[in-house]
2 protein chains.
Amino acid sequence: MTRVTIKDVAARAGVSIKTVSRVMNGEAHVRADVRERVMKVVEETGYRPNMFARGLSSARSFLVGAFFDDPASPYASDIQRGALTRCRERGHHLLIEEVDRDAGDWKSTLDTTLRQVRLVGAILTPPICDWPELIDLFDAHGVPVVRIAPALVPERTPLVRVDDRRASAEMTQLLIAAGHRDIAFIKGPPAHGSSNERWRGFCDAMQAAGLTVADHRVLEGDYRYRSGLAAAETLLDTGTPPSAVLASNDEMAFAVLVVAMRHGITVPDRLSVVGFDDMALARMAWPQLTTVHQPNFEVAAAAVDLLIDAAEPQDAAHHRIEVPYTIVKRASVGPAAV
Amino acid sequence: MTRVTIKDVAARAGVSIKTVSRVMNGEAHVRADVRERVMKVVEETGYRPNMFARGLSSARSFLVGAFFDDPASPYASDIQRGALTRCRERGHHLLIEEVDRDAGDWKSTLDTTLRQVRLVGAILTPPICDWPELIDLFDAHGVPVVRIAPALVPERTPLVRVDDRRASAEMTQLLIAAGHRDIAFIKGPPAHGSSNERWRGFCDAMQAAGLTVADHRVLEGDYRYRSGLAAAETLLDTGTPPSAVLASNDEMAFAVLVVAMRHGITVPDRLSVVGFDDMALARMAWPQLTTVHQPNFEVAAAAVDLLIDAAEPQDAAHHRIEVPYTIVKRASVGPAAV
DNA sequence: ACGGCCATTGACATCGTTGTCGGCTCGGCT
DNA sequence: AGCCGAGCCGACAACGATGTCAATGGCCGT
């Protein structure tokens with residue numbers, strides 16, 4: 001199968017290759033009948049512009065890069081899917097790249113990548129979206145960046161985020177409204193912006209309700225299951241467990257459920273548990289987790305839009321998008337025991 | 001930051017661009033001192049060949065495509081990570097593509113993609129690795145394909161697989177050795193090759209042990225949690241539950257655990273449960289699941305190797321790779337109640 | 001009728017690399 | 001001394017698109 005090139009189309013349509021190029025790119029200054037004639041030939045031949053030729057001759061590569069700390073995490077999967085879907089809707093492709101924080105040479109590896117392919121733009125996810133050196137590198141290469149949920153210097157790049165602080169406060173209020181007073185909090189890792197936001201939202205709501213946050217009710221995890229187990233163990237393996245636990249993500253909340261079960265503490269009768277993220281896990285737990293749905297798909301799609309729009313001149317769009325969260329009420333919350 | 005091109009390097013090293021090209025591609029017929037001189041300049045300038053120019057002038061695009069039915073599944077994540085890691089080790093990049101079975105135009109979408117970018121090769125995962133039309137399309141475009149765990153026509157393309165049948169048989173034997181006789185099996189969806197293999201392995205082992213498989217002990221799921229719930233419900237909501245359940249994947253096995261718990265059936269005392277895949281979930285369950293570890297990372301890496309090696313002439317390698325599984329014994333299996 | 005402007009179109013250079021092929025050099029052989 | 005082949009290297013075309021710029025032709029105003 002010989003590939004059909006712009007020349008073939010031009011010849012068959014009886015126009016110059018430049019005109020075909022114009023038609024393919026939807027540029028103005030092409031007479032309607034000519035445009036139609038070219039389109040017809042394109043239909044017939046199935047011609048599609050070659051990405052490499054495009055990338056070489058223009059700046060536009062039609063390639064969006066998504067950079068992850070851990071591309072195999074469920075979170076990364078969600079983001080990828082959103083980005084992928086939007087990319088294909090807009091005729092682009094998605095390149096997945098990993099930035100390994102433990103590899104000493106991540107900078108040179110990334111540098112190589114950026115030299116090899118001139119990306120339309122890059123999507124940076126937590127926690128790497130908060131590495132200043134990394135952003136410097138993209139800047140140096142002139143690659144536009146959109147960060148997702150960064151913690152630092154929000155003015156530095158366009159970004160897409162969810163109001164984690166407000167979501168966390170709202171979730172805390174939900175517990176308070178159910179009568180809970182002794183609420184424990186399991187923090188996430190400080191490297192993630194969302195982690196701090198969620199902690200602050202919790203404090204906001206507690207303070208607003210006139211409740212104090214006891215030190216021994218606040219534990220630090222790292223968003224992973226094991227850390228949730230450890231935190232839950234210290235919380236529940238005492239004579240006086242809290243009446244509710246707000247974990248900074250579903251994985252740790254799930255761990256709390258498991259530990260509660262092991263200790264014979266029934267949820268939600270004697271303990272309420274809530275999480276964050278609305279991962280698949282939240283629905284697989286028993287009881288199912290009340291949690292904050294993070295619209296990762298939409299977040300990623302918005303990030304792609306931001307990049308592609310910025311690449312096209314007419315933009316001047318907003319550089320900061322906030323996507324709404326929703327609180328998903330399931331069975332893991334009950335009224336406080338009296 | 002102006003990009004440094006092959007010309008710059010050539011000029012600085014006092015050689016022709018062709019020689020630089022030779023050095024970069026490790027070709028023969030370059031004197032050692034010249035090679036060294038060029039390499040030094042490359043070091044100094046940080047020169048990296050432009051991917052688009054390469055892809056345009058040669059056939060080699062340095063781009064590997066990974067095609068998924070659902071790129072956001074945990075399985076897809078594993079595969080991606082393996083492929084990604086190996087790709088970067090070998091100086092390639094990974095393009096993620098989704099083939100949406102529900103979209104009527106998946107063929108034309110895919111066709112467009114293949115016309116736009118000339119991939120080094122494509123990795124096809126279950127279940128799309130078994131769509132003959134899809135493979136036809138790749139063939140028509142001359143794009144090499146490696147399939148992962150296909151069910152059909154194994155001779156048609158190179159492939160990487162795990163011996164699911166043997167793994168399943170071994171797992172069944174493990175249950176039999178623990179004294180279980182009344183073993184239930186939850187099937188996966190017939191569209192997945194692994195699903196049938198696992199079922200056949202189960203039958204092999206049962207037959208070898210002289211045990212019969214009762215119809216009402218065999219249920220069909222679709223690898224998803226909900227289907228596992230339904231299957232477990234019909235299995236356990238009777239006066240005479242089986243003494244062990246072999247689910248075709250961890251997600252469904254996890255569902256069995258949940259249903260057992262709801263019914264007050266303790267695992268592993270009164271019921272043994274095993275799964276397949278060794279997903280993160282298997283370790284988060286309580287009790288933790290005994291399961292078959294699928295080396296997805298290695299499988300994907302092997303697939304990438306197969307593609308890249310095939311692209312380089314000197315190959316003639318094997319076209320069928322089998323990666324070893326391992327059975328991971330955890331707490332969800334106990335001796336059969338007497 | 002003429003000049004000017006704008007919409008339309010095409011010829012050609014260009015992007016950064018690899019493929020082809022021919023030329024040069026050097027050593028060994030006759 | 002002359003010839004030959006192998007090893008080394010460079011000039012130039014090619015890959016398939018876009019960018020630049022000039023040419024064409026129609027329409028308008030005067």
Side-chain angles (χ1 to χ4, degrees), chain A residues 2-38 41-42 45-63 91 112 114-118 120 142 311-313, chain B residues 2-38 41-42 45-63 91 112 114-118 120 142 311-313:
Chain A
T2 66
R3 298 178 74 84
V4 19
T5 75
I6 198 171
K7 277 187 196 167
D8 304 325
V9 176
R12 269 185 75 152
V15 296
S16 76
I17 58 171
K18 182 64 209 186
T19 298
V20 176
S21 170
R22 279 196 263 263
V23 171
M24 292 308 291
N25 290 290
E27 290 174 24
H29 305 307
V30 178
R31 243 181 21 230
D33 62 320
V34 174
R35 181 181 299 274
E36 216 165 305
R37 186 148 41 96
V38 171
V41 176
V42 169
T45 56
Y47 165 70
R48 295 288 179 283
N50 179 290
M51 210 183 73
F52 298 112
R54 270 186 159 170
L56 183 58
S57 79
S58 67
R60 293 175 297 161
S61 65
F62 295 90
L63 235 41
T112 296
L114 294 181
R115 281 173 199 267
Q116 284 176 334
V117 340
R118 183 194 288 276
V120 167
E312 287 163 7
Chain B
T2 65
R3 297 178 75 84
V4 19
T5 74
I6 199 171
K7 278 188 196 165
D8 304 326
V9 177
R12 268 186 75 155
V15 297
S16 76
I17 58 172
K18 182 64 209 188
T19 298
V20 176
S21 171
R22 286 196 183 92
V23 172
M24 292 309 291
N25 291 289
E27 290 173 25
H29 305 309
V30 179
R31 241 179 21 227
D33 61 320
V34 174
R35 182 181 298 273
E36 216 165 304
R37 186 147 42 96
V38 171
V41 176
V42 170
T45 56
Y47 165 71
R48 293 289 178 284
N50 179 289
M51 209 182 75
F52 298 113
R54 270 186 158 172
L56 183 58
S57 89
S58 68
R60 293 176 298 162
S61 64
F62 295 90
L63 235 40
T112 296
L114 295 181
R115 281 173 199 266
Q116 284 175 335
V117 339
R118 182 193 289 275
V120 167
E312 288 164 6

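To find a chain, count down the sequence lines: A is the first, B the second, and so on, and within it residues start at 1.
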Under 3.5 Å, is there a donor on one side chain and an acceptor on the other for A/Thr112 and B/Arg48?
yes

Rounded to whole angstroms, how far apart are CZ on A/Phe62 and P on D/dG16?
17 Å

Any sub-3.5 Å donor-acceptor pair from B/Arg37's side-chain atoms to B/Ala13's backbone N or O?
yes

Main chain of A/Gly46, side chain of B/Arg115: is a donor-acceptor contact present, judged purely on distance under 3.5 Å?
yes

Calculate the interatomic distance between B/Met51 atom CE and D/dC15 atom C1'; express it in whole Å.
15 Å

Side-chain donor/acceptor of B/Ser58 to backbone N/O of B/Arg54, under 3.5 Å:
yes

Would you indicate whether B/Glu36, at its atom CD, is surrounded by more than 12 heavy atoms from other residues, nucleotides or ligands within a distance under 6.0 Å?
no

In 5'-to-3' order, the base (B), backbone-only (S) or no-contact (-) status of each nucleotide in nucleotides 13-25 of chain C, using a 4.0 angstrom heavy-atom cut-off, is --BBBBBB-----

Length of the line joining A/His29:NE2 and C/dG10:P, which is rounded to integer Å
15 Å

Under 3.5 Å, side chain of A/Asn25 to main-chain N/O of A/Glu27, donor-acceptor pair present?
no

Less than 4.0 angstrom between a side-chain N/O of B/Thr19 and OP1 or OP2 of D/dG10, yes or no?
yes

